[in-house]
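Structure first, then comments.
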Amino acid sequence: MIRPRTPRREQLGEFLTSRRRERQRSAAGLPPNARRGDSGLSREEVATLAGVSSTWYTWLEQGRDTNVSRQVLTAVARVLDLSAAETDYILGLVERVEAARDDEPAEVSESLQRLLDALDFPAFAVAPDWTVAGWNAAYEWLYPAITSIPKPDRNLIWLIYTDPTLRRMLPDWEAESRHFLAEFRVESGVRLSTPGHRALIQRLSQASEDFREQWAEQTVERFASRRRVFDHHAQGIVEFEHHRLIPSEDSRLHVVMYVPAT
């Protein structure tokens, strides 16, 4: 029987393939390959080192809906030398089941909006698909365009790759966009079977060559508070510390805060 493919399993297969091809053979205890030298393992080698059948591992890379345990997938992650964030990502693609609410819009409550308004530094709330659901006056000061952007386009990852104003605001756009996309992949990957997510990825792929190239890199990264630099249209270079919190009233939302750097 031919195993069916699913969007999440296809993403898992693409990710494992990219990491397998990047794995250094010497680090895995294998001799150089006659054609590839020290770069890349074969599927059969990964399967042997992980203690699984080569047919099963081939199905995994092909995106087929195979039965897979956490223990076995962790063994594959060990062979491919995946980071903790990458391991969590592939486990999530296999284990998590999307809730029915995943494709429903997440709204900012009145109380959460009051919290945003009470902050005197830029802050906004993003939904699971990274739609900007609410913001405060300080964020308008930092990024005035947010008030005039049509609601369907008010998505953070969409704006990073398509809004020239936002691109000019980021002095190191190449690094920043990769940070955001790696975090977006971690958080959105388990929603690959929802129509909204598929439509966003397809739309971005059509609109931005930079997105297509960076999405193909398969980079995965957990969010970490970090320093952010913006080129403000009136004030010039401004620096913040980028933090993020999850409100208890709706865990789907993330409150993003740009605290002035000292």
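Since we're looking at a predicted model, the values are computed, not measured.
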Those residues at least two apart in sequence (or on a different chain) that pass ring pair (Phe, Tyr, Trp, His ring centres under 6.0 Å) with Phe15 are Tyr89
Can you confirm whether the side chains of Gln214 and Thr219 place a donor and an acceptor under 3.5 Å from each other? no
Can the ring centres of Tyr258 and Phe230 be said to be less than 6.0 Å apart? yes
Using a strict threshold of under 4.0 Å (side-chain N to carboxylate O), is an ion pair present between Glu187 and Arg244? yes
Are any side-chain N or O atoms of Arg25 and backbone N or O atoms of Pro31, one a donor and one an acceptor, separated by less than 3.5 Å? yes
Exactly one candidate in Tyr143, Tyr139, Trp130, Trp135 meets ring-ring contact (aromatic ring centres under 6.0 Å, His included) with Phe124; the answer is Tyr139
Do the rings of Trp215 and Phe184 sit parallel, tilted or perpendicular, given the 30° and 60° boundaries? tilted
Is the backbone of Leu116 close enough, under 3.5 Å, to the side chain of Asn136 for a donor and an acceptor to pair up by distance? yes
I want to know whether Trp173 and Tyr161 have ring centres closer than 6.0 Å. yes
May I ask you to say whether Arg20 pairs ionically with Glu45, meaning some side-chain N is under 4.0 Å from a carboxylate O? no
Could you tell me whether the side chain of Arg212 and the main chain of Ser205 form a donor-acceptor pair under 3.5 Å? yes
Please step through ring-ring contact (aromatic ring centres under 6.0 Å, His included) for the pair His254 and Phe223, ending with a clear verdict. CA-CA 11 Å; His254 287 167; Phe223 172 81; 8.2 Å; no
Kindly check if the number of other-residue, nucleotide or ligand heavy atoms within 6.0 Å of CD (Glu209) is above 12? no
Here the salt bridge (Lys or Arg N to Asp or Glu O under 4.0 Å) pairs for residues 234-243, sequence neighbours left out, are Arg227-Glu239
Please identify each residue that fulfils side chain to side chain contact (heavy atoms under 4.5 Å, CB included) with Thr55, with sequence neighbours left out. Ser53, Trp59
Distance col, row Leu41:CG vs Gln24:CD, nearest 0.5 angstrom, shows 9.0 Å
Check this for me, if you would: do Glu86 and Arg78 make a salt bridge, where the nitrogen-to-carboxylate-oxygen distance has to be below 4.0 angstrom? no
Measure the NE2-CE distance between His243 and Met257 for me, rounded to the nearest 0.5 Å. 7.0 Å
Excluding Ile237, membership of its hydrophobic cluster (Ile, Leu, Val, Met, Phe, Trp, Tyr; side-chain heavy atoms within less than 4.5 Å) reads Val229
SB check Asp129 Arg252 (cutoff 4.0 Å): no
So, using ring pair (Phe, Tyr, Trp, His ring centres under 6.0 Å) as the criterion, who are the partners of Trp56 when residues are at least two apart? none
Checking Pro260 now: which residues fulfil side chain to side chain contact (heavy atoms under 4.5 Å, CB included) with it, not counting sequence neighbours? Phe121, Phe240
Can we say Asp210 and Arg167 salt-bridge, meaning some charged N sits less than 4.0 Å from an Asp/Glu carboxylate O? yes
